[in-house]
Every structure is written in structure tokens, then in C-alpha cells.
Amino acid sequence: MTATPFDREMAERWHLYKPPARPSAGDVAIYESFMAEPARTLLLGSTPEIRSLARRYRHRLTAVDVNEQVYHALAELVTHPGGEKASFVCRDWLQMDLGEEFDLVIGDGSINMLPPQTHETFLERLAAHMRPGQVLLLRAYVMDEPRIQTAEAVFERARELREDLYTATKIHLSLLWLDRETGEMSNALFWTKLQELHGQGVTTAEEHRSLGTIFAHDSLSVYFLSRPRFEAQTAPYFSLQDILYAGDYESHELKPIFCLRRK
């Protein structure tokens, strides 16, 4: 994978992150509705919430991640004792060839970790591990025009909502600051912008400290999807069955779960 990796240091700080980076309770409920029966499931990455559901419902889970240290570090956040033991494969998703097919494939934000020019290869690799009719669930940031027009207004809205500050601001600020050609939002740039806002008096000391616990230590880049491009890239392999929304935080519609079925 050519994007900045999700490394062990970030994994060890993952308990500090909230939705939309991590699945919300509403997202988990959607995943659970697809996982209530045992199945052979492929997980793209090391998402603790998916691993917990796989344990609960006794899925034969195979997790594929480019960094084994991340997988083990995130085990601290996996809940529900017992269940089937997951298998881990240390592999680049773009070069994945596991020699088996799966009933269900899940990627929670995985496609956003990859630059858009690699998405076609990524989707082809997923399709190669699925039989016709099987389901692919991809939760993904989607690029859109800014819903709130200034950073100042984003923080004003966040104070009204009384949501977690990260949850209330992450997507709205990203839509103001991301690269419109590539969809890239660098968290290093995000932190630079937050520092500028604090210097201008837009954020309080407590707000700056709260966001700094995440962004001051995070150099990851994510790539927001262009919806038309994504639909064109999926079309050779998948039919779009549904777009599912968590419904439990304000900007949830900008990180939906795409439900696709293998053609």
C-alpha cells in the first residue's frame, strides 16, 4: 500500500479515537445485522469492533493487514470472550491472493487508506476472493461540498451539538481542507490548520488540547471517495445493493456503509 501506514504507535492510541474514525454504535449495529450467523469472513485491517462481532457470532475470520504489530496492539480493544480464533495474514491488500473465497468481506475505512489510483486494483482483489452473490461491506468517507462554510462555524455548531468534539468536527473540517483533486486529507495538515485556528482565537484551550491528543500524534493521510468514480470502479465486479447510515452522529451520512454484492 502506498499511503502513510497505520502504525503501532497509532494503534496504541486508537482507544482515544471516536467516530467517524472508529465505527459508531449505529455502524456496529449495521455490521451485526450481516454477521448474526456464522460465516467465513474476510476483514481488511484489524478493526476491533468487527473482530468482537466475529467472536460473538463464531465467524471463521481472516484478518489481512500490512502491519502485524497493529493487529496485536488492537487486540486490547477486542471484546467478547470465546468464539472462533481469528487467522491473521500479513499482506498488502493490493497483492492479496489467499487462495480461498469468503462469504462476507468487510472493510471499515480500508478503501480510504489507499490513493484513488489504486482503488481499481483493490476492488479486483476483493472480487477475486468472493463468489457471485456474496456481500462486501465498505464503510468509507465520501467527498462532498462543505456542509458548513467556515471552520469558525464548524466549532460553533459543535458547541451547539454537544457531541464529542472530534466526532462533531472531523468530517466538516476535512471537507473544507482536503485536496479536491485526489480527495486526500493529511492529518499532519489538519493539525497545522488547528494550530492556526487556535492562534486566531477560534478554539478554546480545552478544545485545542482535546483535538491535540489525536492530531498532534497522527500523520496518516486518508482519501475521501469521489462517489461517481467509486461507482464506476465497482461496476465491473459488484452491484450496489444499498447505502446504510449509522444515524447516531450528525455527519454520519458522509461515512456510510456501502453494501455491494459480487456479480
Side-chain angles (χ1 to χ4, degrees), residues 1-25 27-28 30-32 34-35 38-115 118 122 125-126 129 136-141 166 170 186-188 212-223 255 257:
M1 291 183 286
T2 56
T4 304
F6 187 128
D7 59 17
R8 184 189 180 103
E9 180 181 351
M10 189 171 176
E12 290 173 345
R13 301 179 60 81
W14 197 236
H15 65 282
L16 299 172
Y17 285 71
K18 305 293 183 183
R22 293 181 65 176
S24 70
D27 291 315
V28 172
I30 293 169
Y31 287 135
E32 186 171 12
F34 287 88
M35 297 181 72
R40 291 176 302 171
T41 298
L42 174 61
L43 172 61
L44 305 165
S46 301
T47 311
E49 291 82 358
I50 304 302
R51 292 161 65 182
S52 299
L53 289 171
R55 278 190 180 184
R56 178 176 181 182
Y57 293 107
R58 299 188 176 277
H59 284 231
R60 185 161 71 80
L61 184 74
T62 300
V64 178
D65 202 318
V66 76
N67 190 327
E68 187 169 1
Q69 291 183 329
V70 168
Y71 179 79
H72 292 302
L74 290 178
E76 298 294 324
L77 302 178
V78 177
T79 60
H80 202 280
E84 295 285 337
K85 185 176 181 179
S87 300
F88 176 77
V89 178
C90 188
R91 197 72 49 82
D92 187 323
W93 301 325
L94 302 180
Q95 299 171 4
M96 187 170 59
D97 186 0
L98 305 180
E100 64 175 308
E101 295 174 330
F102 295 87
D103 304 311
L104 178 64
V105 179
I106 302 176
D108 190 78
S110 54
I111 195 168
N112 296 128
M113 304 285 286
L114 301 171
T118 67
F122 172 73
R125 286 292 79 213
L126 302 188
H129 291 83
L136 167 63
L137 300 175
L138 292 177
R139 190 169 74 99
Y141 290 114
Y166 176 90
K170 166 62 179 173
S186 159
N187 283 340
T213 61
I214 294 175
F215 291 106
H217 307 275
D218 182 351
S219 61
L220 192 74
S221 282
V222 295
Y223 296 84
K255 198 172 186 182
I257 297 174

Taking His80 for its side chain and Leu53 for its backbone only, find out whether a donor-acceptor pair lies under 3.5 Å. no

Whether Arg51 side chain and Thr79 backbone form a donor-acceptor pair below 3.5 Å: no

How long is the gap from CG on Leu61 to CZ on Arg55, to the nearest 0.5 Å? 10.0 Å

When you measure from the side chain of Trp14 to the backbone of Leu74, do you find a donor-acceptor pair of N or O atoms at a distance under 3.5 Å? no

Could you check if a side-chain atom of Pro38 sits within less than 4.5 angstrom of a side-chain atom of Arg60, using non-hydrogen atoms only? no

Look up atom CG in Asp65 and atom CZ in Phe88, then write down how far apart they are to the nearest 0.5 Å. 5.0 Å

Within-4.5 Å side-chain heavy-atom neighbours: Glu100 and Leu42: no

Tyr166 and Tyr17 aromatic ring geometry - parallel, tilted or perpendicular at 30°/60° bounds: perpendicular

Ignoring hydrogens and geometry, is there a side-chain-to-backbone donor-acceptor pair from Asp218 to Phe215 under 3.5 Å? no

Using side-chain heavy atoms (C-beta onward) and a distance below 4.5 Å, is Leu77 in contact with Arg22? yes

Taking side chain as C-beta onward, heavy atoms only, is Val66 less than 4.5 Å from Arg91? no

Quick check against the 3.5 Å criterion: does Ser186 have a side-chain atom that pairs as donor or acceptor with the backbone of Ala188? yes

Quick one, Val105 and Thr41 - any side-chain contact, counting heavy atoms below 4.5 Å? no

Hey, are Glu101 and Arg40 close enough for a salt bridge, meaning a charged N less than 4.0 Å from a carboxylate O? no

CZ of Arg139 to CG of Asp27: how many Å apart, nearest 0.5 Å? 4.5 Å

